[in-house]
Student: 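Starting off with a structure, shown below.
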Number of protein chains: 2
Amino acid sequence: MSPSQPRDRGIPEATVARLPLYLRALHGMAERGIATVSSEDLAAAAGVNSAKLRKDLSHLGSYGTRGVGYDVEYLVYQISRELGLTQDWAVAIVGVGNLGRALANYGGFVSRGFRVAALVDADPEVVGDTIAGLNVEHIDELEAVIKRRGVSIVVLATPAAAAQEVCDRVVAVGVTSILNFAPVVLSVPDTVDVRKVDLSIELQILAFHEQRKAGGPLMAVDSQ
Amino acid sequence: MSPSQPRDRGIPEATVARLPLYLRALHGMAERGIATVSSEDLAAAAGVNSAKLRKDLSHLGSYGTRGVGYDVEYLVYQISRELGLTQDWAVAIVGVGNLGRALANYGGFVSRGFRVAALVDADPEVVGDTIAGLNVEHIDELEAVIKRRGVSIVVLATPAAAAQEVCDRVVAVGVTSILNFAPVVLSVPDTVDVRKVDLSIELQILAFHEQRKAGGPLMAVDSQ
DNA sequence: CCGACTTTGTGCATCGGTTCACAAAGGGCT
DNA sequence: AGCCCTTTGTGAACCGATGCACAAAGTCGG
């Protein structure tokens, strides 16, 4: 067996979720001209514990040097490759309301190998507008646009009521990765990956903890 | 001890994160006039497995009726109370770029007991504008605004470079809950809760899985 | 009033993830 | 060349979360 292929199939989900974090920290370091970094320092920059970082990285292979640390440049490349960011991903954003607009202009996408390739909306008022340098196309064109532009990831920023229908349509033309901002649970075949972001959920979790702090150890909540 | 107080201190974090999900599903049902729901149905609507749902709810107390299910109205109230949504939370949004604007207009906040009480920005171009019915105030006023409006949760939607400084300032005036959209790891005293949302992380996770699918079982990646 | 049926609440086994702690590995100084 | 120092990579214990499967509890029809 080849000596430099310990790279396992099957990276733990929790690890995958943290790789982008490391990547961000590493990009920052590369910009500041740092050539080499220890697990301790990188972990601090990413906000995790160093043992966890080392175990995470060990799932990709043995890319560190004992006594020295990790080569920043090289590690950026390895993580990028593992995440699939070395290729170019065409993303379509469906629903160009406030959120869709914000996403279209969001710098974080472009800088990570994602290319917003299409904006689609149902409202005749916005169809034809130019946003972030892109022409907004009509929802009737959805399937055609996805095929024509080679879109492989769709971002749903529609109202809740429209999300499932749009979802069904993009799945029907072969999209298998969806990022859903609409506050509904989408039903999809299990060959399709859906990740959801609900902005209000995070606030609710904060409220829960804030309440606990405020009530402190007393918390005299006589039920109503 | 009172018989109907099995409500434990210490609800698992994983459970807290799902309560908003259940709440959303329940609200939908209440609107459709459904009075009672089984764990099976509610779980389906929330996209989780029914055993998990029952265990989650059991942490709040014994609010179901065997052979029948849960009273929708009552469960909404119990979960809301547990999450602290029965009180009114004043939220300030700092950074009124595309994202801040989208958040200010986002309906999901208001409908959950959150009230956007202030918008703050550093750019003199936008200070003084009215967005979502609110006057945008200058960052110099940050501390004053937070105190005057009783803000207890701050949403950071600033550029990455400004986030830590704003964070320090709001923490200094006593804010202990922060929702951070800026792509940086904030350092705060551990009395302060920070939750972060990085829109590009979700996309990167999707890209990872999409790449795996594309490569399929072959995945002939001879390292460069 | 009783018995059959439904659905909750939970004990228990299992699993994935985290953390500790240390042996192995490499670099650099003398 | 050899020794010491730093830092990685990982075995193993631990911890929390998940899911199964069932007894307890309650409803409803007869």
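Naming: A, B, ... by sequence-line order, numbering from 1 per chain.
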Student: Quick one: do Lys147(A) and Glu143(A) make a salt bridge, cutoff under 4.0 Å?
Tutor: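 Judged by the 4.0 Å cut-off on N to carboxylate O distance, Lys147(A) and Glu143(A) do not form a salt bridge.
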Student: Starting at atom OH of Tyr63(A), determine the distance to atom P of dG26(C), rounded to an integer number of angstrom.
Tutor: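 Tyr63(A) atom OH is separated from dG26(C) atom P by 16 Å.
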Student: Write down the distance between CG (Asp71(A)) and C1' (dG27(C)), rounded to a whole number of angstrom.
Tutor: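 Asp71(A) atom CG is separated from dG27(C) atom C1' by 15 Å.
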Student: In terms of the nearest nucleotide of DNA chain C, which residue is placed more toward the 5' end: Arg18(A) or Val68(A)?
Tutor: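 In this pair, the answer is Arg18(A).
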Student: Can you tell me the distance, in whole Å, between the CG atom of Asn49(B) and the P atom of dT8(C)?
Tutor: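 From Asn49(B) CG to dT8(C) P: 13 Å.
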Student: Does Ser39(A) put a side-chain nitrogen or oxygen below 4.0 Å from OP1 or OP2 of dT8(D)?
Tutor: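 Answer is yes, contact under 4.0 Å.
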Student: Checking contacts here: which listed nucleotide (dT18(C), dG9(C), dG17(C)) is nearest the side-chain heavy atoms of Lys55(A)?
Tutor: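 Out of dT18(C), dG9(C), dG17(C), the nucleotide with an atom closest to Lys55(A)'s side chain is dT18(C).
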Student: Can a side chain N or O of Ser38(A) be found less than 4.0 Å away from OP1 or OP2 on dT7(D)?
Tutor: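 For Ser38(A), the contact criterion (side-chain N or O under 4.0 Å from OP1 or OP2 of dT7(D)) is not met.
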Student: Does a side-chain N or O of Lys52(A) approach OP1 or OP2 of dT19(C) to a distance below 4.0 Å, or not?
Tutor: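 Checking Lys52(A) against dT19(C): at least one side-chain N or O falls below 4.0 Å of OP1 or OP2.
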Student: Calculate the interatomic distance between Glu40(A) atom CD and dA21(C) atom P; express it in whole Å.
Tutor: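 The distance from CD of Glu40(A) to P of dA21(C) comes to 14 Å, rounded to the nearest Å.
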Student: With a 4.0 Å cutoff (strictly under), does any side-chain N or O of Ser62(B) reach OP1 or OP2 of dG9(C)?
Tutor: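 True: Ser62(B) side-chain N/O within range (under 4.0 Å) of dG9(C) OP1/OP2.
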Student: Checking contacts here: which listed nucleotide (dC12(C), dG9(C), dG26(C)) is nearest the side-chain heavy atoms of Tyr70(B)?
Tutor: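 Of the options given, the side chain of Tyr70(B) lies nearest dG9(C).
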Student: Closer than 3.5 angstrom, by distance alone: can the side chain of Ser38(A) be matched with the main-chain N or O of Asp41(A) as a donor-acceptor pair?
Tutor: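 Yes, Ser38(A) side chain to Asp41(A) backbone: donor-acceptor pair under 3.5 Å.
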Student: I need the CG-P distance between Leu53(B) and dA17(D), as an integer number of Å.
Tutor: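 Result: 16 Å.
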Student: Between Ala51(A) and Arg66(B), which has a closest nucleotide on DNA chain C that is more 5'?
Tutor: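 Here Arg66(B) is the residue nearer the 5' end.
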Student: Salt bridge between Arg212(A) and Glu82(B), side-chain N to carboxylate O under 4.0 Å?
Tutor: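 The answer is yes: the pair qualifies as a salt bridge.
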Student: Would you say the ring centroid of Tyr63(A) lies under 6.0 angstrom from that of Tyr74(A)?
Tutor: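 Yes, the ring centres sit under 6.0 Å apart.
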Student: For Asp56(B) and dA17(D), what is the distance between atoms CG and C1' respectively, to the nearest whole Å?
Tutor: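 That distance rounds to 10 Å.
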Student: To the nearest Å, how far apart are Glu13(B) CD and dG16(D) P?
Tutor: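 These atoms are roughly 12 Å apart.
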Student: Measure NE2/His59(B) against P/dT10(C) and give the value in whole Å, please.
Tutor: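 That distance rounds to 9 Å.
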Student: Looking at Leu42(B), Leu23(B), Thr36(B), which one forms a side-chain contact (heavy atoms from CB on, under 4.5 Å) with Leu75(B)?
Tutor: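 Testing Leu75(B) for a side-chain contact (heavy atoms from CB on, under 4.5 Å) against Leu42(B), Leu23(B), Thr36(B) leaves exactly one candidate, Leu42(B).
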